[in-house]
Q: 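Quick one: the structure is below, questions incoming.
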Amino acid sequence: MPIIVNLDVMLARRKMSLSQLSQQVDVTIANLSVLKTNKAKAVRFTTLEAICRALDCQPGDLLEYVEE
């Protein structure tokens, strides 16, 4: 998939665990794990907004386009 989710990178930069993020954004750890492992087929803008707010970042910090 040409869209890569760099959630693990941002979590490491912010020294935050997936469970801490889950509590802050009110999204299950399982759903965040799907994003983190690049298995997601879609992401809601409301979820992306909540993650960006919690991690103090921009959507471009989380999403990356890589040509196949």
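No experiment lies behind these values; they were computed from the predicted model shown.
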Q: Where the side chain of Arg14 meets the backbone of Ala54, is there a donor-acceptor pair that is under 3.5 Å apart?
A: no

Q: Ignoring hydrogens, what is the shortest heavy-atom contact between Asp8 and Lys36? Give both atom names and the distance.
A: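 Result for this residue pair: CB-CE, 3.7 Å.
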
Q: Looking only at heavy atoms, what is the nearest atom pair of Cys52 and Pro59, with distance?
A: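 The pair with the smallest heavy-atom distance is SG-N, 3.5 Å.
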
Q: Side chains of Leu62 and Leu55: closer than 4.5 Å at any heavy-atom pair?
A: yes

Q: For a 4.5 angstrom cut-off between non-hydrogen side-chain atoms, does Cys57 reach Arg13?
A: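 The answer is no; the side chains never approach within 4.5 Å.
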
Q: Could you check whether any side-chain heavy atom of Leu63 comes within less than 4.5 Å of a side-chain heavy atom of Val5, counting everything from C-beta outward?
A: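 SC-SC contact between Leu63 and Val5 confirmed.
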
Q: For a 4.5 angstrom cut-off between non-hydrogen side-chain atoms, does Ile51 reach Val43?
A: no

Q: Do Asn38 and Ile4 have side chains that get closer than 4.5 Å, going by heavy atoms?
A: yes

Q: Quick one: CG on Leu21 to CG on Asp26, what's the gap to the nearest 0.5 Å?
A: 11.0 Å

Q: With clusters defined by side-chain heavy atoms of hydrophobic residues (ILVMFWY) lying less than 4.5 Å apart, directly or transitively, does Ile29 cluster with Val25?
A: yes

Q: Mind checking the CD-NZ spacing from Gln20 to Lys15? Nearest 0.5 Å is all I need.
A: 12.5 Å

Q: Are Val27 and Met10 in one and the same hydrophobic cluster, where Ile, Leu, Val, Met, Phe, Trp and Tyr link if side-chain heavy atoms are under 4.5 Å apart?
A: yes

Q: Distance check, rounded to the nearest 0.5 Å: Asn6 atom CG versus Leu11 atom CG?
A: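 The CG atom of Leu11 is 11.0 Å from CG of Asn6, to the nearest 0.5 Å.
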
Q: In Å and rounded to the nearest 0.5 Å, what is the CG to OG distance from Leu32 to Ser22?
A: 5.5 Å

